[in-house]
Trainee: 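Pasting a structure below so you can have a look.
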Amino acid sequence: MNVRRIDDYTYIVDKEEGMNVPGIVYSSEELFKSIDDGSLRQVINVAKLPGIVKASYAMPDIHLGYGFPIGGVAAFDANSGIISPGGVGYDINCGVALVSTGIKFEEFKPKVREVTDDLFNEVPSGLTSRKGLKVSSSDLNEILRSGLKWAYEHDLATREDMDHTEDGGSIENTGNNVSKAAQQRGISQIGTLGAGNHFLEVQRVSQIFDNETAKKFGIEMDEVTVMVHTGSRGLGHQVATDYIRMLRESDYAIKTSDPELISVPAESVLGEKYLDAMRSAANFAFVNRQIAIHRIREVFEKHFDARPRLVYSLAHNIAKEELHMVDGERMKLIVHRKGATRAFPAGKASPPFEDTGHPVLIPGSMGTASYVLVGLPDNLEKSFGTTCHGSGRVLSRNQAVKKYAGIVEKELEQRNVYARPATKHVLYEEAPESYKNVDDVVDAVYGARLAKPVVKMIPISVVKG
DNA sequence: ATGTCC
């Protein structure tokens, strides 16, 4: 492959045989060295898919994914292009929510353990976590169809929560294309965290880079915030499994040299069915995060005279129909963001964020800082209005366990982070050293002028699946 | 990521 560095934060993967567009990787020189050839190969494979426009993009937190790289962005002509489950990921609408509690660190400090233990109990975690909100199957169907509208009607979300959720937490779909098996897996998991890199973290605002925007986002210096990272649990995973199988068995799916990189025309029967099911799973994930938010709010209201507010809840694994300018023409596209965050800038963002741009929530690795960013004006042209989603792995889970078993808990203690993991194992898998440095990733997306830092938070305590 | 392999 032929890769050229064209400026401090932009690398071009030149078009080769079969590529419809070039690859573009936004990264610093230092971070680029940690990108493996396999994930760059995935950027190239995606560039070969039918109907892709402009470029196959990657963010500085890129790493190997199923078919498509994690940290990848690819947009396809909505009429003549494809949709691919691998371009969304198994965890459909995996995403992040941030709650600002209005409580200052000094007031919170004496209650760190007490409050964190309550959060651990109220937001079930771990691989199976089947202790979610009890709902009927007709409720589940309504959740798939209407997302947060269901939560609002059941007093589990406020109007403000909906306004502060990507797409209002409600993406239109029929709710009819999610298998019974997927529904069965999901029905007991609403409001649960899951496992792996999913977490709930209590944080302290340690730095404000942009006073005006921070104020509009409702975040103050030294305030306690709570960040939640979770997705569509077993339901989304089963939807992905179901449709990848159906695509494999279909005679019109588009197969490539990589069996994981399978896609179908977006306008085909199977393409439309997957998109519909993906939207159902996305609504499920919005409700899953909302129930966690609701319970976080209840815990803080119990311990403090507090009125916690949702800053934002967003998806970083999703495909969306959007209008973008391509070669001076307005085009309807299906934008796949896999481990990448929508970050429309001021003037282009949906209400109530027209003046600021959508908030972007960037969790660091366990025990390290997290950021709130906001999109910069040129990013629509550069990445379909997209920025990074986190740190990005550098060590596999197995490698991390081998290297850091038994020492992560001490490390967290030294950093003064109180940890409540569901199992010790997950703590080792998620050793901070197995991820890229989040500060470097944020520097790179700022350097590439995709997004700028608004606020930095440091961890106080963490609940891990 | 995931009832970590129907």
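Just so it is clear, the values below take in all heavy atoms, side chains as well, and ignore hydrogens, waters and symmetry mates. Letters A, B, ... are given to chains in the order of the sequence lines, protein chains preceding strands, and every chain is numbered from 1.
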Trainee: For A/Gln189, answer base if it contacts any base atom (sugar-phosphate contacts may also be present), sugar-phosphate if it contacts only those atoms, and nothing otherwise; contact means non-hydrogen atoms under 4.0 Å.
Mentor: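 Since only primed, P, OP1 and OP2 atoms lie under 4.0 Å of A/Gln189, the category is sugar-phosphate.
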
Trainee: In whole angstrom, give the distance that lies between atom CD of A/Glu430 and atom C1' of B/dT4.
Mentor: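 Between C1' of B/dT4 and CD of A/Glu430: 14 Å.
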
Trainee: Roughly how many Å is it from CZ in A/Arg233 to C1' in B/dT4, rounded to a whole number?
Mentor: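 So the two atoms are 13 Å apart, to the nearest Å.
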
Trainee: Determine: side-chain N/O of A/His237 to OP1/OP2 of B/dT4, distance under 4.0 Å, yes or no.
Mentor: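 Looking at the OP1 and OP2 atoms of B/dT4, neither is under 4.0 Å from any side-chain N or O of A/His237.
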
Trainee: Rounded to whole Å, how long is the line connecting atom CG of A/Asn398 with atom P of B/dT4?
Mentor: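 Checked: the CG to P distance equals 15 Å.
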
Trainee: Assess the side chains of A/Asp61 and A/Ser391: does a donor N or O sit below 3.5 Å from an acceptor N or O?
Mentor: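 A/Asp61 vs A/Ser391: no donor-acceptor pair found between side chains.
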
Trainee: When you look at A/His164 and A/Tyr312, which way does the ring pair (Phe, Tyr, Trp, His ring centres under 6.0 Å) test go after all the steps?
Mentor: CA-CA 5 Å; A/His164 289 232; A/Tyr312 204 48; 7.5 Å; no

Trainee: Less than 6.0 Å separating the ring centroids of A/Phe344 and A/His358?
Mentor: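 Under 6.0 Å, so yes.
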
Trainee: At 4.0 Å (heavy atoms only), tell me whether A/Ala195 reaches a base, stays on the sugar-phosphate, or touches nothing.
Mentor: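 Since only primed, P, OP1 and OP2 atoms lie under 4.0 Å of A/Ala195, the category is sugar-phosphate.
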
Trainee: In whole Å, what is the span from the NE2 atom of A/His229 to the C1' atom of B/dT2?
Mentor: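 Interatomic distance, NE2 of A/His229 to C1' of B/dT2: 14 Å.
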
Trainee: What is the distance, to the nearest angstrom, from the OH atom on A/Tyr90 to the P atom on B/dT4?
Mentor: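 To the nearest whole Å, that distance equals 13 Å.
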
Trainee: Measure OH/A/Tyr66 against P/B/dT4 and give the value in whole Å, please.
Mentor: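 It works out to 17 Å between those atoms.
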
Trainee: Hey, could you give me each pair passing ring-ring contact (aromatic ring centres under 6.0 Å, His included) that has a residue in residues 27-65 of chain A? Not counting sequence neighbours.
Mentor: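 Listed once each, the pairs are A/Tyr11-A/Phe32, A/Tyr57-A/Phe384.
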
Trainee: Measure the distance from CD on A/Glu260 to C1' on B/dT2 and round it to the nearest whole Å.
Mentor: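 Between C1' of B/dT2 and CD of A/Glu260: 15 Å.
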
Trainee: Atom CZ of A/Arg245 and atom C1' of B/dT2: how far apart are they, to the nearest Å?
Mentor: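 These atoms are roughly 14 Å apart.
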
